[in-house]
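Per chain, numbering begins at 1; letters A, B, ... match sequence-line order. What's counted below: heavy atoms across the whole structure, side chains too, no hydrogens, waters or symmetry copies.
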Amino acid sequence: MPELPEVETLARGLQQTVAGRRIVAVTLGKTDFIDDPAALEQFLPGRAIERVERFGKFMLLRLRTGVDSAAGDSLLVHLGMTGHLSPHPAAEPSSKHTHVRFLLDNGRELRYTDARRFGRMAYFAAEQLPAELGRFGADPLEITEFEFFALLKSRKSRIKALLLDQSALRGVGNIYADESLWRARIHPKRVAANLSSQEAKKLHKSLQQILREAIALRGSSISDFLDAEGEPGEYQRHHRAYGREAEPCYRCKTLIRRAIVAGRSSYFCPNCQRPPRLPRPAARHRRRVTHKRRAASQ
DNA sequence: CGTTGAACCTGTTTGC
DNA sequence: TGCAAACAGGTTCAAC
């Protein structure tokens with residue numbers, strides 16, 4: 001569910017609804033996705049949520065200090081594939097897979113729900129936070145064209161793998177990687193370092209445009225993403241590649257194809273997005289029968 | 001360095 | 001209808 005636009009949408013919503021509220025009590029269910037469950041119970045009650053930010057695909061709940069305790073302690077929340085975080089009336093029955101409940105001082109409860117528990121929750125003291133955040137790459141909305149080109153040049157991985165690599169760029173996931181590549185007309189299997197400066201420039205622009213457009217429409221709701229008010233996003237209506245296997249390309253009518261790239265389903269137009277010349281080094285055991293090179297087929 | 005596949009866990013959709 | 005397989009917005013790790 002959650003990539004940069006969805007997390008941004010949720011962070012903005014929570015900033016409006018829970019920022020300034022004090023956490024009265026913490027109730028935990030299953031905790032295998034929490035770094036240190038006891039720390040939540042120990043340090044959160046009594047603290048107020050100063051503000052809610054997005055960092056890559058993480059939500060960062062900045063905690064206000066009590067009296068003289070260190071400022072800047074934070075709760076890091078990653079939604080994984082199926083995570084949800086939203087306020088509910090405290091009296092409302094919890095839905096299935098609700099694993100964390102933060103009772104607030106206004107009669108509401110901020111609840112974390114996650115069927116698959118691929119998400120992550122962790123309390124970080126201010127001193128430890130920079131090291132944790134430092135593991136991630138540039139924010140795709142802030143990276144400059146020049147930095148982006150340099151990043152591509154430094155990697156010999158496929159462009160799709162690079163876009164998904166959170167240590168290179170933080171926040172891009174499967175949907176927006178495919179949408180950006182489609183808009184920039186770049187095949188997901190292209191080697192990043194082989195993109196021309198013009199292609200890199202186009203991809204940089206496409207990526208930022210798409211993320212901004214998606215944020216403006218409050219993200220993509222494929223099956224279940226809901227913002228802090230329980231509303232679905234609208235950007236799924238604008239998808240041009242993701243999830244459109246066998247449907248006509250919006251530019252050229254060629255049928256969109258699906259292939260596994262970087263271990264993920266990847267959707268692209270085989271006509272608009274030309275494959276790399278030598279898709280893969282030929283397998284060693286294959287007979288070298290290619291006196292004439294055949295056109296790459298994918 | 002990079003890639004692939006499996007694992008983590010549950011739910012939903014698809015195919016026979 | 002029933003059951004199994006495939007698939008899902010993510011991340012991590014072993015093996016190659």
Side-chain angles (χ1 to χ4, degrees), chain A residues 1-10 29-35 54-59 76-85 95-99 112-122 132 135-137 140 151-181 188-194 210-211 214-215 217-227 232-239 241-246 258-267 276 278-285:
Chain A
M1 159 181 58
E3 300 182 34
L4 187 154
E6 292 75 37
V7 179
E8 177 72 29
T9 297
L10 197 50
K30 290 185 178 178
T31 59
D32 56 355
F33 61 96
I34 303 175
D35 284 25
R54 174 189 65 76
F55 183 87
K57 294 176 188 172
F58 285 89
M59 317 253 332
L76 220 51
V77 180
H78 194 297
L79 302 172
M81 293 275 261
T82 51
H84 295 277
L85 187 65
S95 58
K96 200 177 178 186
H97 303 305
T98 296
H99 305 302
Y112 180 76
T113 302
D114 187 353
R116 296 176 75 179
R117 306 199 303 286
F118 282 179
R120 179 185 173 201
M121 195 174 287
E132 176 65 16
R135 301 166 42 206
F136 299 91
L151 176 63
L152 265 51
K153 278 299 173 195
S154 75
R155 301 297 184 100
K156 60 183 180 182
S157 60
R158 294 166 171 177
I159 185 61
K160 167 101 181 215
L162 184 150
L163 291 174
L164 293 178
D165 182 350
Q166 302 299 297
S167 72
L169 288 175
R170 63 175 120 107
V172 181
N174 208 28
I175 292 177
Y176 299 102
D178 280 4
E179 292 300 310
S180 302
L181 290 168
K189 287 188 177 179
R190 291 281 303 282
V191 170
N194 291 347
I210 282 170
L211 292 174
I215 290 170
L217 292 181
R218 302 183 344 280
S220 300
S221 293
I222 301 298
S223 62
D224 60 0
F225 169 71
L226 299 177
D227 67 19
E234 299 292 334
Y235 194 71
Q236 66 281 3
R237 299 181 184 184
H238 296 258
H239 292 177
Y242 184 82
R244 300 195 64 247
E245 182 179 17
R258 181 170 77 97
I260 302 299
V261 183
R264 312 292 300 281
S265 276
S266 301
Y267 302 86
L278 301 172
R280 296 272 76 196
R284 239 178 295 99
H285 65 276

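In this structure, of C/dG10, B/dT3, C/dG9, it is C/dG10 that holds the atom nearest to the side chain of A/His78. Closest approach to the A/Ser157 side chain among C/dG9, B/dT3, C/dT11 is made by B/dT3 (side chain taken as heavy atoms from C-beta onward). Here C/dG10 is the nucleotide among C/dA8, C/dG10, B/dT10 with the atom lying nearest to any side-chain atom of A/Asn174.
Between A/Leu211 and A/Pro140, some side-chain heavy-atom pair lies under the 4.5 Å cut-off.
Checking side-chain atoms of A/Glu179 against main-chain N and O of A/Ala177 turns up no donor-acceptor pair under 3.5 Å. Remark: side-chain polar atoms of A/Thr82 are paired, donor with acceptor, to backbone N or O of A/Arg116 under 3.5 angstrom. In this structure, A/Gln166 contributes its side chain and A/Gly171 its backbone to a donor-acceptor pair below 3.5 Å. Distance alone, capped at 3.5 Å, places no donor-acceptor pair between the A/Ser221 side chain and the A/Gly219 backbone. Put simply, the side chain of A/Asp114 never gets that close to the backbone of A/His99: no donor and acceptor are under 3.5 Å apart.
C/dC13 is paired with B/dG5 under the criterion used here, namely a Watson-Crick or G-U wobble arrangement in which both key atom distances are under 3.5 Å.
In this structure, A/Gln166 places its CD atom 8 Å from C1' of C/dG10, rounding to the nearest Å. Remark: C1' of C/dG9 and CD1 of A/Ile210 are 16 Å apart, rounded to the nearest angstrom. Between A/Leu79 atom CG and B/dT10 atom C1' the separation is 16 Å, expressed in whole Å. Distance, A/Glu245 CD to C/dA8 P: 9 Å, rounded to whole Å. Computed from coordinates, the A/Arg117 CZ to C/dT11 P distance equals 18 Å when rounded to whole Å. Across the protein-nucleic acid pair, A/Lys57 atom NZ and C/dG9 atom C1' stand 8 Å apart, rounded to whole Å. The CD atom of A/Glu6 sits 16 Å away from the P atom of C/dA8 (whole-angstrom rounding). B/dT3 atom C1' lies 15 Å from atom NZ of A/Lys160, rounded to whole Å.
The aromatic ring of A/Phe118 does not sit over the base of B/dC9, since the test of centres under 5.5 Å and planes under 30° is not met.
When each of A/Arg155 and A/Arg116 is assigned the nucleotide of DNA chain B bearing its nearest heavy atom, the one mapping closer to the 5' terminus is A/Arg155. Residues A/Arg135 and A/Ile222 each lie close to DNA chain C; by heavy-atom proximity, the contact nearer the 5' end of the strand is made by A/Ile222.
Judged by distance alone with a 3.5 Å cut-off, a donor-acceptor contact links the side chain of A/Ser223 to the base of C/dG9.
Within the 4.0 angstrom heavy-atom criterion, no nucleotide atom of any strand lies near A/Phe33. Among the heavy atoms of the strands lying under 4.0 Å from A/Ser221 is at least one base atom, whether or not backbone atoms are also near. Among the heavy atoms of the strands, none lies under 4.0 Å from A/Gly263.
Distances shown here put a side-chain N or O of A/Arg264 below 4.0 Å from the OP1 or OP2 atom of C/dG9. Residue A/Lys96 places at least one side-chain N or O closer than 4.0 Å to OP1 or OP2 of B/dG11. Taking side-chain N and O atoms only, A/Arg158 has a distance below 4.0 Å to OP1 or OP2 of B/dT4. Contact annotation: A/Arg120 does not reach the phosphate of C/dT12 (side-chain N/O to OP1 or OP2, under 4.0 Å). Of the side-chain N and O atoms in A/Lys189, none sit less than 4.0 angstrom from OP1 or OP2 of B/dG2. Distances shorter than 4.0 Å separate none of the side-chain N or O atoms of A/Tyr176 from OP1 or OP2 on C/dG9. Remark: A/His97 is not in phosphate contact with B/dC9, judged by side-chain N or O atoms under 4.0 Å from OP1 or OP2. Within the 4.0 Å cut-off from OP1 or OP2 of C/dG9, not a single side-chain nitrogen or oxygen of A/Tyr267 is found. Using a 4.0 Å cut-off, no side-chain N or O of A/Thr82 falls inside it from OP1 or OP2 of B/dT10.
Shown are A/Phe55, A/Phe33, A/Phe58; of these, the ring-ring contact (aromatic ring centres under 6.0 Å, His included) with A/His78 is made only by A/Phe58.
Straight-line distance between the C1' atoms of C/dA6 and B/dG5: roughly 16 Å, to the nearest whole Å. Taking the P atom of each, B/dA6 and C/dA5 are spaced 14 Å apart, rounded to whole Å.
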